[in-house]
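Okay, here's the structure, questions in a sec.
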Amino acid sequence: MSILVDKHTKIICQGITGKSGLFHSQQCRAYAKEHRPGEDVFVGGCTPGKGGTEIDGFPVFNTVEEAVKKTGANCSLIFVPPPFAADAILEAADAGIGLIVCITEGIPVLDMARVKRAMVTSKSRLIGPNCPGIITPGVAKIGIMPGYIHKTGSVGLISKSGTLTYEAAWQLGNIGMGQSTAVGIGGDPIIGTTYIDLLAMFQADSKTESILMIGEIGGNAEIQAAEYIKAHVTKPVAAFIAGATAPPGKRMGHAGAIISGGSGTAAEKQAALEAAGVIVAQSPADMGIAVKRAIDQRK
Amino acid sequence: MKIHEYQAKQLLAAAGVTVPRGIVARTADEAAAAYQQLGGAIAVVKSQIHAGGRGKGTFKQHAEQRGVVLVKAADAAKDNAARMLGSTLVTIQTGPEGKVVSTLLIEEGLKIVRELYLGVVVDRESGGPILIASTEGGMDIEVVAHKSPEKILREPFDVEAGLRGYQARNVAYRLGLEGPSVRAAEKLLRQLCQFFIDRDCSMVEINPLVVTDDGNLVVGDAKVTFDDNAMFRHQDLLPLRDLTEEEPMEVQAQASGLSYVKLDGNLGCLVNGAGLAMSTMDIIKYHGGAPANFLDVGGGANVEQVTEAFRIILADPNVKGILVNIFGGIMKCDTIVTALLTAYDKIGITIPLVVRLEGTNVELARKMLADSGKPITVGTDLTDAAKKAVKSLGA
């Protein structure tokens, strides 16, 4: 088992005729071919107005609805530019796509508020936006991460950041640990899937034995996650919080990474996690080791 | 994007919100004329900078002069304006370097009965906009939130429907408003929340919201910030940006698609990815150094971007060394080293440079660095690189 992604996942890309959309669709397809030769995992894409064509072997459809009908897709990877991304997410949800992964960075925050509101009654799950995507090593890569650094294993990885996730996967690989599933939840103020959603999934997943949570300054999602861990998570959890040196009131790259009104600091998040029994890496070089320590502590 | 108080009030007035009569002045004579034109006995002369705490702030050139003053005569308006304009106002929010005042807002004096607080922001928890109100107007809301959180009212509202009438009335009654003020508040609160939505704001703060002796509600001070990601659909707001209020290097970085924030340290850093960039700052501090900046070159990291990134880092005279931390994923390490070496030659870097690379084609990339013959120190891992970089400063 793993979470969110399994061998039944069939992926399309919204925005597949764009440069990034095509490149990453090719990468995801290549990953699937390498790990599951002969299976059809990445089944096509959508770009309005380009339906009926083909791009590098991917069939292109005008609408997600049509793509679902023709390919049986149940997962969509979104590379649509920011002004149209909210619409693309809702189109996927309306077409019955179960798992929507939005990579797009720079979506207006109120557009995401509208998406969040519209999806209250939807059965679809949104990951992101402004995230690297999801990977279940050896099964499927739905995102922009370099596939080979994610080894198969039993660590459930949740992160707000892209390259920092790669760094963590790399560190884990160096000490012989891999991931059950790695999920980038995104660095925006309003996101589809939260730490708590994923902590619950990893806690319930038989393949996952420990959890690494990577957070950053801004908001209080990590503090809520700490409370959840304390009450509901029995598996060992390690964490790292980026931005201990970030000045207040300044946005650090991610739209959501800002200390405002003296809250959302790394220190308060670290303290909350430690109070919940989480092993918190003080240095970003120690994320892998922290997972090992969290596991060893339970032995 | 931040704007000035006078600009915020003009926009709010256009949206139907009651603001004091006010006139913008850029010279002392204009300030005196504005006082005359307003025609009242009392006027307020307000420095326009992108920072709060102006009323208590003082000027570097005139220690006795405050950033906001009440005046009762045209001459007083003129004298105060003369001291304020062109001088540097230092407030609790500007930092010790302060900000130069080039614009004043001259407003009619209000007959203040009460001062309330209103704010509208995006609430991450409810995933939508939220109205925040308090009876403690005129105070720093963060202090109120800390000392007496029970005095803060929070009313999330629907991004499609806006603040509903009953929600506005609930807030009005809870603020202790009575009689005609309740109706006035209902109207103003709903207009304010609609303005927040219509203009894609990330923050609207009215502090204080003044209750006048006739029961009316007037915007005392207004702070408005727009969502940078939504500016594409608000082209009309772009001219309101005041570049003189922003860190020049941050503006330049933004124009080149880089994300840069200046800090106070002396070790520059160049990183790909926001999370890794923050972490790089953290690990520098962890090993006893002080980061000079946050800099995310993004996923592309081509020659132009890396060159520009080095230029921006080196423009800070405090920078005595640079740490490059790149995790090459899809973007291969050798591609990045090519960009790095080209940029190195173009710019002529003379301070210590430590490079840490990891990821795709890292062996080839490290060999390229070693073969380049340049005095570049290679860090074997994150910790090693951070230690070497801190040490290279000779601290």
Side-chain angles (χ1 to χ4, degrees), chain A residues 23-24 27 82-83 106-114 116-117 144-146 148-149 159-167 170-171 187 189-191 214 216-221 224 240 242-247 249-257 260-263 266 282-286, chain B residues 93 121-129 141-142 145-146 158-160 196-197 200-203 227-233 259 261 263-265 271-287 290-291 294 296 299 326-330 358-360 381-384 386:
Chain A
F23 175 76
H24 288 290
Q27 297 281 317
I107 302 177
V109 67
L110 289 182
D111 279 5
M112 281 312 301
R114 292 181 182 100
K116 193 93 179 168
R117 179 187 187 278
I144 59 174
M145 65 289 281
Y148 77 96
I149 61 166
S159 172
K160 275 185 176 175
S161 150
T163 42
L164 194 54
T165 309
Y166 314 160
E167 177 76 41
W170 183 265
Q171 289 178 18
I190 299 180
I191 53 175
I214 301 172
E216 63 191 24
I217 54 161
N220 68 345
Q224 292 174 327
F240 174 72
T245 46
K250 284 279 190 179
R251 216 169 284 284
M252 307 304 276
H254 290 154
S260 39
S263 70
Q282 295 302 314
S283 159
D286 296 338
Chain B
Q93 289 184 11
V121 291
V122 168
D123 179 36
R124 298 181 193 221
E125 229 164 293
S126 59
I141 196 66
E142 286 150 21
H146 187 69
D158 191 316
V159 65
E160 303 287 4
F196 181 91
I197 294 169
D200 275 293
C201 298
S202 48
M203 185 190 70
D227 179 358
D228 291 331
N229 288 338
M231 293 314 287
F232 67 85
R233 58 189 175 208
S259 185
V261 177
L263 303 173
D264 298 331
V271 190
N272 65 335
L276 195 60
M278 270 187 270
S279 304
T280 305
M281 291 158 38
D282 296 346
I283 201 169
I284 288 169
K285 181 88 180 290
Y286 185 74
H287 291 291
F294 165 93
D296 171 11
I326 301 286
F327 197 101
I330 301 292
E358 203 56 85
T360 314
D381 59 28
L382 201 44
T383 301
D384 180 59

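Below, read A as the first sequence line, B as the second, and so on, with proteins coming before strands; counting in each chain starts at 1.
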Subject >> Interface moiety of B:F327 toward chain A, non-hydrogen atoms closer than 4.5 Å >> reply: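 Both parts, backbone and side chain.
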
**OP:** Heavy-atom distances under 4.5 Å only: say whether A:T245 touches chain B with side chain, backbone, both or neither.
**Re:**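 Both backbone and side chain of A:T245 come within 4.5 Å of chain B.
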
Subject >> Among the listed options A:K250, A:K116, A:K160, A:R251, the residue most often paired with chain B at heavy-atom distances under 4.5 Å >> reply: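 Counting heavy-atom pairs under 4.5 Å, the top option is A:K250.
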
**OP:** Would you mind checking which part of B:I141 comes under 4.5 Å of any heavy atom in chain A, side chain (CB onward), backbone (N, CA, C, O), both or neither?
**Re:**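 The answer is neither part of B:I141.
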
Subject >> Heavy-atom contact with chain B under 4.5 Å, split by part of A:R114 >> reply: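 Contact with chain B: backbone and side chain both.
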
Original post:
With a 4.5 angstrom heavy-atom cut-off, which part of A:I149 approaches chain B: side chain, backbone, both or neither?
Top reply: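 For A:I149, the side chain is the part near chain B, not the backbone.
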
Original post:
Checking A:I191 against chain B: side chain, backbone, both or neither under 4.5 Å from a heavy atom?
Top reply: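 Neither; nothing under 4.5 Å.
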
Subject >> Which portion of B:D381 sits near chain A, non-hydrogen atoms under 4.5 angstrom >> reply: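 Neither; nothing under 4.5 Å.
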
Original post:
Looking at B:V159, B:D282, B:L276, which has the largest count of heavy-atom pairs under 4.5 Å with chain A?
Top reply: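 Going by pairs under 4.5 Å, I would pick B:D282.
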
**OP:** Measure distances from A:E167 to the heavy atoms of chain B and classify the residue's part below 4.5 Å as side chain, backbone, both or neither.
**Re:**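 Both the backbone and the side chain of A:E167 come within 4.5 Å of chain B.
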
Subject >> Top contributor to chain B interface from A:G249, A:S161, A:A257, A:S159 [non-hydrogen pairs under 4.5 Å] >> reply: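 Top count of heavy-atom pairs under 4.5 Å with chain B: A:S161.
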
Subject >> Under 4.5 Å from any heavy atom of chain B - which part of A:Q224 >> reply: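 Only the side chain of A:Q224 comes within 4.5 Å of chain B.
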
**OP:** Name the region of B:E125, side chain, backbone, both or neither, that has any atom closer than 4.5 Å to a heavy atom of chain A.
**Re:**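 Side chain of B:E125 only, per the 4.5 Å heavy-atom cut-off to chain A.
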
